[in-house]
Trainee: 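First the structure, then my questions, so here it is.
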Amino acid sequence: MAEVLVFVDHVDGAVRKPTLELLTLARRIGEPVALAVGAGAEQTASVLAGHGAVRVLTVDAPEFAEYLVVPKVEALQAAVEAVSPVAVLVPSSAEGKEIAARVAVRIGSGLITDAVDLEAGEQGPVATQSAFAASFTTKSRVSKGVPVITVKPNSAAVEPAQAAGAVEALSVSFSERAAGTKVVARTPRESTGRPELTEAAIVVSGGRGVNGAENFAVIEALADSLGAAVGASRAAVDAGWYPHTNQVGQTGKSVSPQLYIASGISGAIQHRAGMQTSKTIVAINKDAEAPIFDLVDYGVVGDLFDVVPQLTEEINTRKG
């Protein structure tokens, strides 16, 4: 069976959920071969094998920690040349899309970004995407070279499937370009204890209607009761009420959770572009004419400061 190359997103050997989703999708079109680079690469093997990877290519070198992006690009390019896959799948993060684009250019192939589904086709893998602020769904395939496809988190359920997961060292010769941009300092991100926004199964977001940074405590309380990530609209971020890293929208992060709760968000097209592919959408807004209600599965017309605390209390009561 043809092989599908999957680029592994991990932190010191801990594999992140979007990679496991990619392995599920890869099994639809071939046998997954995983590429793990950097510190802890070999430690990913057991998890990857448990989710369908027939082989795990590993490579560690100081270049991955000392320089930006290009060493990973060259490792992925070397893996493509070694495996000759029918497709290359990469998590659709900011870094993942940059790696995928650079690799596609280097190997002379077409690129599809932000796919939300993947299926086998007679002439190669067919990717489903949301286009024009998620107003349309398109199906695309690459017509030249090895398809390079980035897939949004939460696009597929993680399905364990035991495979051999044979570990193989990959030889990579780095070019001068790999040392073009050096990392001079790193600052660990302060942990909130909540899930990563783009990977979370549930996201609770607040917008202009929250009316102040101090009032985001209401949004956070609901999120914590659900084990959810916290998001914010551009209006809330621009007002300085919540960090830019939590912005959901066209100029922020795109999310596709199982459940998205929008509180005090009117539903401007910019925000919709970042969350419209969510599986179930709930909106809480006191304006019955707010555009967000045209999009939702469930809508509550009411003051979020009345509705959200009651919802939080009810969830905590049921959990207790």
Side-chain angles (χ1 to χ4, degrees), residues 92-98 113-114 130-135 152-154 185-226 228-257 259-278 280-296 299-309 311-312:
S92 200
S93 61
E95 181 183 67
K97 284 187 277 193
E98 182 174 357
T113 60
D114 288 336
S130 293
F132 297 108
S135 298
K152 293 179 68 172
N154 292 313
R186 295 180 185 273
T187 303
R189 184 172 58 185
E190 185 177 344
S191 175
T192 63
R194 301 187 182 98
E196 169 64 30
L197 181 60
T198 57
E199 300 174 17
I202 304 174
V203 175
V204 180
S205 288
R208 192 188 304 274
V210 176
N211 199 31
E214 67 281 2
N215 295 330
F216 256 88
V218 174
I219 305 299
E220 292 175 333
L222 176 57
D224 291 342
S225 71
L226 292 166
V230 175
S233 71
R234 179 174 178 176
V237 169
D238 286 349
W241 299 343
Y242 223 69
H244 176 74
T245 52
N246 293 74
Q247 182 185 336
V248 174
Q250 196 165 24
T251 56
K253 293 181 178 178
S254 294
V255 299
S256 189
L259 172 63
Y260 188 87
I261 302 177
S263 300
I265 296 175
S266 63
I269 191 67
Q270 189 273 346
H271 185 77
R272 293 169 62 154
M275 45 67 73
Q276 197 161 353
T277 56
S278 302
T280 301
I281 302 172
V282 177
I284 302 167
N285 200 301
K286 63 183 179 181
D287 180 6
E289 303 299 321
I292 191 74
F293 287 123
D294 295 333
L295 175 67
V296 303
V300 179
V301 178
D303 190 326
L304 72 88
F305 295 107
D306 293 330
V307 176
V308 173
L311 178 57
T312 304

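Keep in mind that the numbers below use all heavy atoms, side chains included, and drop hydrogens, waters and symmetry copies.
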Trainee: Which distance, rounded to the nearest 0.5 Å, do you find between the CE of Met275 and the CD1 of Ile265?
Mentor: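 Interatomic distance, Met275 CE to Ile265 CD1, rounded to 0.5 Å: 7.5 Å.
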Trainee: I'd like to know if the side chain of Gln276 pairs up with that of Ser130 as donor and acceptor (distance under 3.5 Å, no hydrogens or angles considered).
Mentor: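 Short answer, no.
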Trainee: So does Gly96 get a backbone contact from the side chain of Ser93, meaning a donor-acceptor N/O pair under 3.5 Å?
Mentor: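 Indeed, once roles are kept as given, a pair shorter than 3.5 Å links the two residues.
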Trainee: Between atom CG of Leu311 and atom CD1 of Ile261, what is the distance when rounded to the nearest 0.5 Å?
Mentor: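 Separation between the atoms: 6.0 Å.
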Trainee: Any non-hydrogen side-chain atom of Ile284 less than 4.5 Å from a side-chain atom of Val308?
Mentor: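 Side-chain contact under 4.5 Å: yes.
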Trainee: For atom CZ of Arg208, is the number of surrounding heavy atoms from other residues, nucleotides or ligands below 6.0 Å larger than 12?
Mentor: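 For Arg208, atom CZ is not crowded (no more than 12 foreign heavy atoms under 6.0 Å).
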Trainee: To check you understand the geometry: which heavy-atom pair defines the closest contact between Pro195 and Ala228, and what is its length?
Mentor: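 Looks like CD-O, 3.5 Å.
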Trainee: Do Val237 and Pro243 touch side chain to side chain, with heavy atoms closer than 4.5 Å?
Mentor: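 Of all side-chain heavy-atom pairs linking Pro243 with Val237, none is under 4.5 Å.
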Trainee: About how many Å separate CZ of Arg272 and OG of Ser266, when rounded to the nearest 0.5 Å?
Mentor: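 The OG atom of Ser266 sits 10.0 Å away from the CZ atom of Arg272.
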Trainee: Going from CG on Leu222 to OG on Ser263, what distance comes out if it is rounded to the nearest 0.5 angstrom?
Mentor: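 Output value for this atom pair is 6.5 Å.
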Trainee: To the nearest 0.5 Å, what is the distance between CG on Leu226 and OG1 on Thr312?
Mentor: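 Between Leu226 CG and Thr312 OG1, I get 7.5 Å after rounding to 0.5 Å.
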Trainee: Which is it for Leu304 and Asn285 under the side-chain contact (heavy atoms from CB on, under 4.5 Å) test, yes or no, and what are the steps along the way?
Mentor: CA-CA 6 Å; Leu304 72 88; Asn285 200 301; over 6 Å; no
Trainee: Which atom names give the shortest non-hydrogen contact between Val296 and Phe293, and what distance separates them?
Mentor: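 That closest heavy-atom pairing would be CG2-O, 3.7 Å.
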Trainee: Any side-chain heavy atom of Val230 within less than 4.5 Å of one from Tyr242?
Mentor: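 Val230 vs Tyr242: side chains touch.
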Trainee: Find out whether Asn215 and Trp241 are in side-chain contact, i.e. whether some heavy atom of one side chain is under 4.5 Å from a heavy atom of the other.
Mentor: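 Heavy-atom side-chain distance check fails, nothing below 4.5 Å.
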Trainee: Look up atom CG in Asp238 and atom NE2 in His244, then write down how far apart they are to the nearest 0.5 Å.
Mentor: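 The NE2 atom of His244 is 9.0 Å from CG of Asp238, to the nearest 0.5 Å.
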Trainee: For a quick test of reading the model, state the closest non-hydrogen atom pair linking Gly207 to Ser233 and the distance between them.
Mentor: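 That closest heavy-atom pairing would be CA-OG, 3.2 Å.
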Trainee: side-chain contact (heavy atoms from CB on, under 4.5 Å) for Thr251 and Arg234? Distances and angles first, verdict last.
Mentor: CA-CA 8 Å; Thr251 56; Arg234 179 174 178 176; 4.0 Å; yes
Trainee: Ignoring hydrogens, what is the shortest heavy-atom contact between Ala229 and Ala223? Give both atom names and the distance.
Mentor: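 Residues Ala229 and Ala223, closest heavy atoms: O-CB, 4.1 Å.
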Trainee: How far apart are the closest heavy atoms of Gly231 and Phe216, and which atoms are they?
Mentor: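 Minimum heavy-atom separation between Gly231 and Phe216: O-CE2, 3.9 Å.
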Trainee: Return yes when atom NZ of Lys97 has more than 12 non-hydrogen atoms of other residues, nucleotides or ligands closer than 6.0 Å, and no otherwise.
Mentor: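 More than 12 heavy atoms, drawn from other residues, nucleotides or ligands, come within 6.0 Å of this atom.
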Trainee: Would you check, one step at a time, whether the test side-chain contact (heavy atoms from CB on, under 4.5 Å) holds for Arg194 with Glu220?
Mentor: CA-CA 10 Å; Arg194 301 187 182 98; Glu220 292 175 333; 3.4 Å; yes
Trainee: Testing Ser92, Ser254, Ser256 for side chain to side chain donor-acceptor pair (under 3.5 Å) with Asp114, which one passes?
Mentor: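 Result for side chain to side chain donor-acceptor pair (under 3.5 Å) with Asp114: Ser92.
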Trainee: Quick one, Lys286 and Val301 - any side-chain contact, counting heavy atoms below 4.5 Å?
Mentor: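 When only atoms from C-beta onward are counted, Val301 and Lys286 do not touch, as no gap falls below 4.5 Å.
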Trainee: Do any side-chain atoms of residues 196-205 form donor-acceptor pairs under 3.5 angstrom with protein atoms, and if so which ones, sequence neighbours left out?
Mentor:
unit_1: Glu196; atom_1: OE1; unit_2: Arg189; atom_2: NH2; d: 2.8
unit_1: Glu199; atom_1: OE2; unit_2: Arg16; atom_2: NE; d: 3.0
unit_1: Glu199; atom_1: OE2; unit_2: Arg16; atom_2: NH2; d: 2.6
unit_1: Ser205; atom_1: OG; unit_2: Tyr260; atom_2: OH; d: 2.8

Trainee: For Glu214, look at atom CD and say whether over 12 heavy atoms of other residues, nucleotides or ligands are found less than 6.0 Å away.
Mentor: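 Yes.
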